*Asks:* 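The structure under discussion is supplied below as structure tokens; questions concerning it will follow.
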Amino acid sequence: MRGRVRLIGAGVSAALLAPVAWWAARPGPATSGPRPVPTDLTERDPEATAEARRVYALLAGLENRARRGEASRTVIGQHVELHNERYNPAYGDYRGAKQPGYYYKKARDITGRLPGFVEVDLGPGYGQPGWAVGEPRPYSSSWPGCRRCWGYAEDAVDLALGVWAGLPRAADGSYRPSGTHVDCASGTRVSLPDNGGGPAGIVGFSFHQPYPGSTVKGFEQTRYRNSPAARDRGWFGRVVTEGTDEHRALLHDLGYLADHLGYLAAHGVPVLLRPYHEMNTRPGHGFWWAGQDPAAYRKLWRITYDYLVGTRGLHNLLFVWSPSAWEGTFAWEPGDYYPGGRHVDLVGVDDYSDTPQRPYRGERWTEFWYRGLEGYDRPRVMAESFHVPLGSAQPGTLSDTPWVLWTVWGQALTYDNVSEPRYRNTVADVRQTYGSDRVITADDWRSPDKSPLG
């Protein structure tokens, strides 16, 4: 979407971003430690929105505090798998239909506090034909509406706007101020969680994109083994080659993504966008974009960036690059896949290789990945983890490895698999994390006079 961004309300921006202004004005001592990361998003995107710039400045400020050896804080995040919450009765800790945002609300059910960051997914679909949304909207007029099992894409946009601006919302021009509607495909009444009606944090999107050209859209179509890449060695090269049918199919998929992100841009919502993650896994073990020629992967990233930022004019985005934890068996060291600082704002890791009880190589938990990302000179995030960062097994994680953002994956917040107790978050662990003064929750965003930086 091109043109000026319309803010959702001056009070929202002031309340949410006041801590950022506090940080920008606060000098820090010079040291001989790791070099600081850039703090101005316009170095990457000269047209970046004011909201995106301020969110990035906050995260970069947290990173630079840690690099100077000062006490820092971590925004605690929760990934929300809306497609599973809406349509999979066996998903999570409750057997039955769930309202969207179930695991966003679950953090408050356990601790009394909501996450300070929420990531939702505009892919992969739920095994249905074609891209679709629940109801026609101005941003999606070219997409078929009211298809079965596609209403969650509508909920993803509404939840993201609601986390940034509050749910329920005042009549501010956004699509569903109340956060409640009747799904046009099923007749089901859908209600997003009430989060106090004010700014409640920052938001992100991942994009588990089914392979370009797939007729059905679902998680199975994201897998390498189910894509043309498994049968045709030249297919991925054609995806990133302009003028091919495969490339046109890629742009079609990116148009779906851009239409939704553009709605958020129009309402002044900055988004941490995390596409094409875990690209460094071995061929056949991950997604269709994983284990490919690194140069072709970097080209895929640049095509996506140029389309979203250049062609579609989306300047509300922060780009997050997150390889899989490179333990040498399932995933390789990711450096060759890095698209470069001109196209990346934050770097992270999806860590399923070590647990609080069994840290990788016997080092401090997550330290190997935290140290390994330092040289990219970008704020470091734990992009996916089954675990909350603090608990009885690892009470010092955020002192040892002060990630600027830590996101727990979906149902893992209350994962309870008796055959694998090492993957379990106990209620005490979740409460310890959300109660820590090292963690930024939604409560911090609501107090203009209270800095998340402490």
Side-chain angles (χ1 to χ4, degrees), residues 8 12 16 51-52 55 58-59 74-86 92 98-123 152-169 174 176 179 190-208 260-261 263-264 267-274 277 316-318 320 322 346 348 350 381-385 388-389 403-414 430 433-434 439-446 452:
I8 204 166
V12 169
L16 180 60
E51 295 80 16
V55 168
L58 169 62
L59 299 175
T74 298
V75 182
I76 186 64
Q78 178 65 40
H79 184 92
V80 178
E81 292 187 273
L82 290 174
H83 54 296
N84 274 317
E85 291 183 347
R86 282 285 304 272
K98 302 166 189 67
Q99 290 293 310
Y102 177 86
Y103 269 100
Y104 172 57
K105 180 176 176 289
K106 178 62 69 172
R108 183 174 61 192
D109 293 342
I110 297 171
T111 71
R113 298 182 179 184
L114 289 166
F117 169 73
V118 175
E119 182 185 71
V120 291
D121 202 333
L122 281 172
Y152 85 89
E154 296 272 281
D155 301 331
V157 174
D158 283 333
L159 180 60
L161 202 158
V163 169
W164 175 261
L167 279 166
R169 302 188 294 276
S174 57
R176 291 181 182 133
V190 176
S191 295
L192 296 173
D194 185 329
N195 62 17
I202 54 180
V203 298
F205 277 85
S206 58
F207 189 39
H208 285 79
H260 293 71
L261 295 174
Y263 182 83
L264 295 170
H267 288 83
V269 183
V271 175
L272 277 64
L273 179 64
R274 192 169 63 92
H277 57 301
N316 62 321
L317 305 178
L318 306 178
V320 184
S322 66
L346 299 100
D350 296 4
V381 304
M382 177 58 68
E384 292 183 24
S385 176
V388 292
W403 303 91
V404 303
L405 182 67
W406 183 296
T407 304
V408 177
W409 180 263
Q411 85 282 19
L413 184 70
T414 53
V430 178
T433 292
Y434 274 76
V439 166
I440 298 173
T441 69
D443 288 358
D444 295 289
W445 300 115
R446 294 200 174 97

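Bear in mind the structure is a predicted one, so any value in this text is a computation, not a measurement.
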*Asks:* What orientation do H79 and W409 show, parallel under 30°, tilted 30 to 60°, or perpendicular over 60°?
*Replies:* parallel
*Asks:* Less than 4.0 Å between a side-chain N and a carboxylate O, is that true for R274 and D350?
*Replies:* yes
*Asks:* Is there a side-chain contact between Y152 and P100, using heavy atoms and a 4.5 Å cut-off?
*Replies:* no
*Asks:* So, using salt bridge (Lys or Arg N to Asp or Glu O under 4.0 Å) as the criterion, who are the partners of R176 when residues are at least two apart?
*Replies:* E135, E154, D158
*Asks:* Could I get the full list of salt bridge (Lys or Arg N to Asp or Glu O under 4.0 Å) partners for D194, not counting sequence neighbours?
*Replies:* none
*Asks:* Is any side-chain heavy atom of Y104 closer than 4.5 Å to one of L159?
*Replies:* yes
*Asks:* Among I76, D109, V388, exactly one meets side chain to side chain contact (heavy atoms under 4.5 Å, CB included) together with V430. Which residue is that?
*Replies:* V388
*Asks:* Determine whether a donor-acceptor pair (N or O, by modelled atom type, separation under 3.5 Å) exists between the side chain of R113 and the backbone of R108.
*Replies:* no
*Asks:* Can you confirm whether the side chains of Y263 and S174 place a donor and an acceptor under 3.5 Å from each other?
*Replies:* no
*Asks:* Going from CD on Q411 to CD on E81, what distance comes out if it is rounded to the nearest 0.5 angstrom?
*Replies:* 5.5 Å
*Asks:* Would a 4.5 Å heavy-atom cut-off, applied to side chains only, mark L273 and L318 as touching?
*Replies:* no
*Asks:* Ring pair (Phe, Tyr, Trp, His ring centres under 6.0 Å) with H260: which residues, sequence neighbours excluded?
*Replies:* Y139, Y256
*Asks:* Is there a side-chain contact between T433 and V408 (heavy atoms, below 4.5 Å)?
*Replies:* no
*Asks:* Treating T74 as the side-chain partner and W403 as the backbone partner, does any N or O pair qualify as donor plus acceptor under 3.5 Å?
*Replies:* yes
*Asks:* Do L58 and V404 have side chains that get closer than 4.5 Å, going by heavy atoms?
*Replies:* no
*Asks:* Supply the atom-to-atom distance L405 CG to L346 CG, rounded to the nearest 0.5 angstrom.
*Replies:* 8.0 Å
*Asks:* Looking at V120, L261, V55, which hits side chain to side chain contact (heavy atoms under 4.5 Å, CB included) with V271?
*Replies:* L261
*Asks:* Would you say W445's side chain and G116's backbone share a donor-acceptor pair under 3.5 angstrom?
*Replies:* yes
*Asks:* Under the 3.5 angstrom rule, does the side chain of Q78 hit a backbone N or O of F117 as a donor-acceptor pair?
*Replies:* no
*Asks:* With rounding to the nearest 0.5 angstrom, report the CD to CD distance, E119 to E384.
*Replies:* 6.5 Å
*Asks:* Under 3.5 Å, side chain of D444 to main-chain N/O of T441, donor-acceptor pair present?
*Replies:* yes
*Asks:* Do the side chain of N316 and the main chain of G268 share a donor and acceptor less than 3.5 angstrom apart?
*Replies:* no
*Asks:* Closer than 3.5 angstrom, by distance alone: can the side chain of Q99 be matched with the main-chain N or O of S191 as a donor-acceptor pair?
*Replies:* yes
*Asks:* Measure across P193 and G101 and return the closest heavy-atom pair with its distance rounded to 0.1 Å.
*Replies:* CG-O, 3.5 Å
*Asks:* Using side-chain heavy atoms (C-beta onward) and a distance below 4.5 Å, is W164 in contact with I202?
*Replies:* yes
*Asks:* Heavy atoms, side chains only, cut-off 4.5 Å: are W406 and V75 in contact?
*Replies:* no
*Asks:* Go through it in stages, so that I can follow the logic: the residues are L317 and L272, the test is side chain to side chain contact (heavy atoms under 4.5 Å, CB included), and I'd like the CA-CA distance, side-chain angles, deciding distance and then a yes or no.
*Replies:* CA-CA 6 Å; L317 305 178; L272 277 64; over 6 Å; no
*Asks:* Between atom CG of L122 and atom CZ of F207, what is the distance when rounded to the nearest 0.5 Å?
*Replies:* 7.0 Å
*Asks:* Using side-chain heavy atoms (C-beta onward) and a distance below 4.5 Å, is V381 in contact with T407?
*Replies:* no
*Asks:* Count the heavy atoms of every other residue, nucleotide or ligand shown that sit under 6.0 Å from NZ of K105, and state whether that count exceeds 12.
*Replies:* no
